[in-house]
Amino acid sequence: MPGIARALSQSSSADAYLVAAMSRPNLDVITDRVVATIRFAGRSANGVVTAEGDVIAADRVGCAAGAIHTPALLLRSGAATAGVGGRLS
């Protein structure tokens, strides 16, 4: 904006949200793992299976694998809907 000087800085989602939430007793963040599939019980996710074959159980699962990998992960996990993902096999 002309005539207005502002100090601009960038912030990541981790800085904005995750750092504050890390002290919650019901939150575990596991990094440096490749998730092969998400485990489901009915319509609810109850854990993940890593590429190494480790099973990590959870009450809730958050998926943040990006615009390309999140849909692929959901499709590999059996969460496809009719007409979606047919060409990805």
Spacing of CG belonging to L73 relative to SG belonging to C63, to within rounding of 0.5 Å: 4.5 Å
Separation between CD1 of I38 and CZ of R76, rounded to the nearest 0.5 Å: 9.0 Å
Residue list, salt bridge (charged side-chain N to carboxylate O under 4.0 Å, His left out) with R33, at least two apart or on another chain: D54
CG (N26) with more than 12 external heavy atoms under 6.0 Å: yes
Heavy atoms from other residues, nucleotides or ligands near OH of Y17 exceed 12 (cutoff 6.0 Å): no
Full working for side chain to side chain contact (heavy atoms under 4.5 Å, CB included) between V48 and V61: CA-CA 8 Å; V48 298; V61 175; 4.0 Å; yes
Residues which pass side-chain contact (heavy atoms from CB on, under 4.5 Å) with A21, listed by chain and number, not counting sequence neighbours: R24, L27
Atom pair CE/CG of M22 and D28 - distance to nearest 0.5 Å: 8.0 Å
Nearest heavy atoms of A41 and N46, plus distance in Å: CB-ND2, 3.6 Å
Derivation of the side chain to side chain contact (heavy atoms under 4.5 Å, CB included) call for V29 and L18: CA-CA 9 Å; V29 177; L18 185 58; 3.9 Å; yes
Which atom of G66 lies closest to which atom of P71, heavy atoms considered: O-CD, 3.9 Å
Separation between CD1 of I30 and CG of D32, rounded to the nearest 0.5 Å: 11.0 Å
Side-chain heavy-atom pair T50, V34 within 4.5 angstrom cut-off: no
